[in-house]
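So the structure is just underneath, and the comments pick up after that.
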Amino acid sequence: MSIGRKQYPFDLIEPKWQAIWDQQQTFRAWNPGETIPPAHPFARRHSSLPPKYYVLDMFPYPSGAGLHVGHPEGYTATDILARYRRALGYNVLHPMGWDAFGLPAEQYAVKTGQHPRQTTEQNITTFKRQIKSLGFSYDWTREVDTTDPDYFKWTQWIFLKLYNSWFNPETNKAEPIETLPYPLELKSEEEKRNHRDNHRLAYVSEAPVNWCPELGTVLANEEVIDGKSEVGGFPVIRKPMRQWMLRITAYAERLLNDLENIEWSHSLKEMQRNWIGRSEGAEVDFPIAERGARSAALGGVIRVFTTRPDTLFGATYMVLSPEHKLVNEITTDAQSEAVRKYKEFAAGRSDLERTELAKEKTGVFTGAYAINPVTGQQVPIWIADYVLASYGTGAIMAVPGHDTRDFEFAQKFNLPIIQVVQPPDPKIDWQGFVDEGTAVNSANREISLNGLPTAEAKRKITAWLEQKRLGKKTINYKLRDWLFSRQRYWGEPFPIIWKNGHHEALPESALPVLPPALDDYKPTAEGQPPLARAKDWVTLPDGSTRETNTMPQWAGSCWYYLRFLDARNPNGFVDRQAEGYWMGTEINPKSEIRNPKSGPTPGVDLYVGGTEHAVLHLLYARFWHKVLFDLGYVSTPEPFFKLVNQGLILGEDGQKMSKARGNVVNPDDMVSEYGADALRLYEMFMGPLQDVKPWSTKNVEGVYRFLGRVWRLFVDEQSETDFEQTATTAANKGPELLNQIRPSATVREAEATPAQLKTLHAAIKKVTEDLDGLRFNTAISALMVFVNEAITWEVKPASVMRDFLTLLQPFAPHLAEELFARLNAGRTDQPATLAYVPWPKYDPALLVESTLEIPVQVNGKLRDRIIVPADANQAQMESVALASDKVKPFIEGKAIKKIIVLPKKLVNIVVG
RNA sequence: GCCGGUGUGGCGAAAUGGCAGACGCACAGGACUUAAAAUCCUGGGACCGUAAAAAGUCGUGUCGGUUCGAGUCCGACCACCGGCACCA
């Protein structure tokens with residue numbers, strides 16, 4: 001990939017413009033009520049705030065490895081749109097920040113003793129330098145860093161809001177904990193406190209958690225993949241621990257339903273729907289039978305959840321999860337040893353083993369029986385770890401005839417299998433048939449489902465169960481509450497203290513709670529989190545102790561898009577007016593933009609990031625946002641109106657980029673060799689934003705050459721040759737060297753020809769439409785088409801070339817600014833920066849052709865192309881087509897059945 | 001297994017149901033140059049033709065359907081990618 005001389009002096013142009021933008025704060029976004037300096041280019045165009053456009057990137061974790069070519073893909077797309085919207089006249093919010101809490105800095109601290117703060121700052125410095133070198137139009141005055149106490153003060157503040165709220169099922173929203181009603185039977189303060197603590201949105205639970213010994217911390221379900229930690233791939237085991245949880249399950253229904261009101265990709269919505277996992281069914285009570293039962297269990301019932309109540313007559317046994325609380329109560333003496341051993345076995349199995357060994361079912365008989373409430377039959381009760389304690393009621397009725405898992409289990413342990421569903425196709429074996437069919441063998445003295453299709457059978461049996469008080473219709477979710485504490489140092493400390501075994505919130509005035517200084521960042525020998533090492537910090541004067549867990553990395557990223565709206569506010573996490581303006585709920589009546597289609601949308605207008613956050617960050621952030629919405633702190637029910645996932649960039653070999661494969665492309669190398677504009681342009685020219693696509697440095701050279709052609713369109717070649725001579729020998733290679741380059745004599749103030757206007761307006765139309773549809777690759781090709789044409793012009797009218805640079809600016813801003821400034825040298829009527837120059841409008845009248853080339857088909861096959869006047873009517877087109885010499889041989893001697901004429905489009909002659 | 005996505009030249013790709021392959025890469029030929037690089041011009045799906053053309057035939061993963069007309073819509077299948085996976 002050796003390249004000779006530079007296509008154009010991007011190495012001087014790019015730093016020059018980056019410095020100008022920085023110094024002028026060109027891309028600063030203005031909040032309502034802020035005074036805009038009259039000299040700012042925004043003020044030159046707008047006298048009041050126009051409608052907003054909030055375009056957001058997923059902020060990065062600043063790793064030690066630096067930027068990857070995947071980062072600039074999404075960042076370039078959003079930057080192009082930010083610049084485009086500015087040109088259209090919007091007030092654009094386009095911020096950047098750092099999701100900087102996280103494990104790598106902490107692991108480095110454990111190894112070296114260096115404070116994670118230091119590592120984090122170094123990494124941020126590198127990331128910022130790299131991002132800035134690409135010329136993105138971020139408003140850096142709004143930069144946020146989740147590890148900055150001024151930031152995480154508000155993360156802790158939001159936690160307090162969660163802690164001090166409960167979810168009211170009547171109103172279906174969060175409310176302050178003070179509104180929580182207490183049942184009358186609760187008398188003592190202790191009882192009331194327990195009741196309150198059990199209803200908070202942030203609560204403490206003793207449930208089994210995912211413990212990763214290697215990482216020394218617990219993980220959320222979402223952070224465990226195939227039984228291994230998402231970070232590092234270490235084994236994860238289940239272990240009961242006291243942990244903070246967030247009651248996200250209360251929002252399951254709203255998180256699901258509100259997906260319909262936002263513009264996310266179909267597949268992403270599906271992923272969230274699957275993760276939430278709503279299923280409708282029924283809870284049914286099975287009384288414990290006398291046979292084999294211990295006296296303690298008599299009179300009790302086992303409640304199960306099923307999505308197929310229509311198969312109740314086929315339930316021939318029951319299974320409890322090993323952790324079910326009735327297990328010990330019902331187990332007979334004869335079986336107690338076997339049950340004890342099995343429970344031990346199940347508890348010791350890591351999630352990985354459970355998954356890997358899933359093919360082979362295991363379980364033991366408890367010795368007890370329950371009564372099938374519709375058949376009256378006694379059915380044995382087993383325990384098995386294929387039934388999960390954490391889903392439904394932790395117990396199932398097993399219908400081996402029509403459930404794959406129950407079928408396998410029944411076969412292995414010789415349990416009875418009976419048919420209660422007839423498949424629609426009689427050729428299909430009913431055994432193990434799990435789809436819908438017709439109920440059979442499903443009747444007792446009071447009710448019969450026989451002959452009913454599955455859906456109806458479900459309805460009928462559920463109604464009957466409800467009437468008999470044996471069960472009721474129920475909805476269950478796969479979604480679990482969010483495990484919110486980590487045994488780490490480098491995270492937000494909880495604003496919580498413990499007093500006499502109870503937790504208490506610190507007052508807002510105590511925020512931010514800073515992590516203590518430590519010499520050693522490892523967990524303690526007793527397995528306490530690292531914060532427990534700071535004894536002075538942990539113990540308060542009154543004897544109470546601080547919570548030593550920290551929040552997970554997701555906490556800071558749950559609300560950063562809100563902090564960007566008002567990043568330096570010391571009095572609140574976001575100002576109400578700023579929030580209303582940027583989130584689109586306060587519409588400015590003085591708007592100069594009238595098109596309602598492009599008016600403000602509720603929430604972030606466009607959010608771009610990778611699919612890896614499909615269920616974690618995006619679900620958590622939606623949840624927090626809804627809580628803040630319920631409590632009245634934000635004005636929209638959803639945070640991100642439109643969301644686009646950029647596709648992964650693969651290495652040149654078509655494999656995922658990785659150090660091990662040696663196919664990683666470093667953006668710094670691309671910038672130094674081809675310049676930021678070329679890298680930006682290439683990342684967009686590769687293909688559709690959402691697609692997975694392989695890197696090709698050769699193709700970078702292609703767009704780099706295109707930028708060179710643009711450059712040569714505007715500059716005098718002789719002076720450039722002279723410049724190159726000077727540049728190679730000059731000691732001081734500053735941007736003033738560029739002054740040697742003179743403009744090309746072919747670009748001058750001149751009347752544009754109709755053909756030139758047509759070329760320009762075709763480009764305006766295509767680029768505008770493609771940007772609206774996020775089709776960056778074809779927009780760039782339209783710019784190339786324009787340049788290929790313009791290169792042939794003897795005279796290039798300055799007005800046409802200015803409009804072209806306005807179109808080019810979002811894609812290649814440095815080059816466009818430089819050429820625009822040169823084109824306007826000596827003129828005072830032109831602005832100093834392209835950033836706020838209005839986007840050109842295309843004039844359809846200029847695109848009208850006087851004659852058209854029309855394809856002529858015979859029986860749908862292309863036979864000729866004819867030239868007709870653009871306004872030719874059907875009869876005229878028909879007669880020209882029939883007269884064509886190339887068409888004649890195909891219609892001669894045949895009967896013409898029909899002629900299809902589409903004006904301005906085509907003629908198709910159908911012959912028989 | 002379930003859900004979602006994608007299959008088009010040598011490669012990245014483009015095409016409101018209406019001229020398949022825009023734009024670019026790689027390649028080939030030419031101009032410029034002592035020469036090379038860079039630049040500029042020209043060519044290009046395959047087959048069959050031909051001195052060269054023209055004409056013709058085939059062609060968007062496979063098979064079928066709807067339609068005057070299908071890369072595009074419908075049905076079945078195959079391959080690859082991503083997600084979920086004992087959730088009752």
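Small disclaimer: the values here were computed from a predicted structure and weren't measured. Letters A, B, ... are given to chains in the order of the sequence lines, protein chains preceding strands, and every chain is numbered from 1.
Residue A:P694 has its side chain nearest to B:G12 when only B:A85, B:C86, B:G12 are considered. Here the nucleotide nearest the side chain of A:N274, chosen from B:G5, B:G24, B:C3, is B:C3. Checked against B:A88, B:G12, B:G4, the side chain of A:E270 finds its nearest nucleotide in B:G4. Here the nucleotide nearest the side chain of A:R865, chosen from B:C68, B:A88, B:C19, is B:C19. Which of B:C25, B:A13, B:A22 sits closest to the side chain of A:T778 comes down to B:A22.
Across the protein-nucleic acid pair, A:K888 atom NZ and B:A55 atom P stand 17 Å apart, rounded to whole Å. Counting to the nearest Å, the P atom of B:C3 and the CD1 atom of A:I276 are 19 Å from each other. If you measure from atom CG of A:D691 to atom P of B:A13, you get 7 Å, rounded to the nearest angstrom. The separation between A:L268 atom CG and B:C84 atom P is 12 Å, rounded to whole Å. Remark: C1' of B:G83 and NE2 of A:H266 are 13 Å apart, rounded to the nearest angstrom. Straight-line distance from the CD atom of A:Q655 to the C1' atom of B:C80: 13 Å, rounded to whole Å. Rounded to whole angstrom, the span from the CD1 atom of A:I900 across to the P atom of B:C19 amounts to 14 Å. B:A38 atom P lies 13 Å from atom CD of A:E673, rounded to whole Å.
A:S390 comes within 4.0 angstrom of no nucleic acid atom, judged by non-hydrogen atoms across all strands. Among the heavy atoms of the strands, none lies under 4.0 Å from A:G392. A:K861 comes within 4.0 angstrom of sugar-phosphate atoms only, judged by non-hydrogen atoms across all strands, and of no base. Nucleic acid contact for A:R712: sugar-phosphate only, since backbone atoms but no base atoms lie under 4.0 Å from a heavy atom of the residue. At a threshold of 4.0 angstrom between heavy atoms, the contacts of A:F409 with the nucleic acid are absent. A:S781 comes within 4.0 angstrom of a nucleotide base, judged by non-hydrogen atoms across all strands. A:N476 comes within 4.0 angstrom of no nucleic acid atom, judged by non-hydrogen atoms across all strands. Counting any heavy atom pair closer than 4.0 Å across all strands shown, A:T306 reaches sugar-phosphate atoms only and no base atom.
For an aromatic pair to be called close, the ring centres must be under 6.0 Å apart, and A:F685 with A:Y682 fails this. Annotation: A:Y620 is not in aromatic contact with A:W275 [ring centroid separation under 6.0 Å not met].
Side-chain N/O atoms of A:T611 and A:N645 include no donor and acceptor closer than 3.5 Å. A donor-acceptor contact closer than 3.5 angstrom links the side chains of A:K796 and A:T746. Using a 3.5 Å distance cut-off with no hydrogens or angles, the side chains of A:Q272 and A:W264 do not pair a donor with an acceptor. For the residue pair A:T778 / A:D770, a side-chain donor-acceptor distance below 3.5 Å is found, with atom types taken as modelled. If you check the side chains of A:R709 and A:Q7, you find no donor sitting under 3.5 Å from an acceptor. Between A:S279 and A:N476, the side chains place no donor N or O within less than 3.5 Å of an acceptor N or O (distance only, hydrogens not considered). For the residue pair A:S390/A:R480, the side-chain donor-acceptor check at 3.5 Å is satisfied.
For the C1' atoms, the distance linking B:G69 with B:G18 amounts to 7 Å, nearest Å. With both ends at atom C1', the span from B:U33 to B:G45 equals 35 Å, rounded to whole Å. Comparing the C1' positions of B:C27 and B:C77 gives an interatomic distance of 37 Å, to the nearest angstrom. On the P atoms, B:C11 is 12 Å away from B:A46, given to the nearest whole Å. When the P atom is compared between B:U16 and B:C25, the two are found 24 Å apart, to the nearest whole Å. B:U8 sits 10 Å from B:A14 when the C1' atoms are compared, rounded to a whole Å. Spacing between B:C19 and B:U6 at atom C1', rounded to whole Å, works out to 27 Å. Only the C1' atoms considered, B:U42 is 15 Å distant from B:C32, to the nearest whole Å.
Between the side chain of A:Q857 and the base of B:G18 there is at least one donor-acceptor pair of N/O atoms closer than 3.5 Å. One can find a donor-acceptor pair under 3.5 Å joining the base of B:C86 and the side-chain atoms of A:K361.
Comparing A:I854 and A:A782 by the nucleotide of RNA chain B whose heavy atom lies nearest to each, the residue mapping closer to the 5' end is A:I854. The 5' end of RNA chain B is approached more closely, in terms of each residue's nearest nucleotide, by A:N699 than by the other of A:N699 and A:N859.
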Worked verdict on A:E652 versus A:S696 for side-chain contact (heavy atoms from CB on, under 4.5 Å):
CA-CA 6 Å; A:E652 299 224 42; A:S696 159; 4.3 Å; yes

Residue pair A:N663, A:W695: steps toward the side-chain contact (heavy atoms from CB on, under 4.5 Å) verdict
CA-CA 10 Å; A:N663 59 355; A:W695 185 266; over 6 Å; no

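Using Watson-Crick or G-U wobble geometry with both donor-acceptor distances under 3.5 Å, B:G1 finds its partner in B:C84. The partner of B:G43, taking Watson-Crick or G-U wobble pairs whose two distances both stay under 3.5 Å, is B:C27. Across all strands shown, B:A35 forms no Watson-Crick or G-U wobble pair with both key distances under 3.5 Å.
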When you check every protein heavy atom under 4.0 Å of nucleotides 41-46 of chain B, what one-letter string (B, S, -) results, 5' to 3'?
------

Per-nucleotide protein contact string for nucleotides 26-36 of chain B (B base, S sugar-phosphate only, - none; heavy atom under 4.0 Å):
S----------

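Listed in residue order, the members of residues 901-910 of chain A having a heavy atom less than 4.0 Å from RNA chain B are A:L902, A:K905, A:L906, A:N908, A:V910.
Taking the ring centre of A:Y386 as origin, the terminal cationic atom of A:K361 falls inside the region bounded by 6.0 Å and 45° from the ring axis. Relative to the six-membered ring of A:F10, A:K6 meets both conditions, a distance below 6.0 Å and an angle of at most 45° to the axis. For A:R622 and A:W482, the positive end is not near the middle of the six-membered ring at less than 6.0 Å and at most 45° from its axis.
Under a 3.5 Å cut-off, the side chain of A:K473 and the backbone N or O of A:E280 do not form any donor-acceptor pair.
Regarding contacts with the backbone of B:U39, a side-chain N or O of A:Q7 is found under 4.0 angstrom from either OP1 or OP2. Between A:T404 and B:C86, a side-chain N or O to OP1/OP2 separation shorter than 4.0 Å is absent. Considering only side-chain N and O atoms, A:R863 lies under 4.0 angstrom from the phosphate OP1 or OP2 of B:U57. Contact annotation: A:R775 does not reach the phosphate of B:A22 (side-chain N/O to OP1 or OP2, under 4.0 Å).
Within the 4.5 Å cutoff, side-chain heavy atoms of A:D385 are placed close to those of A:Y342.
With a glycosidic angle no further than 90° from 0, B:G9 counts as syn.
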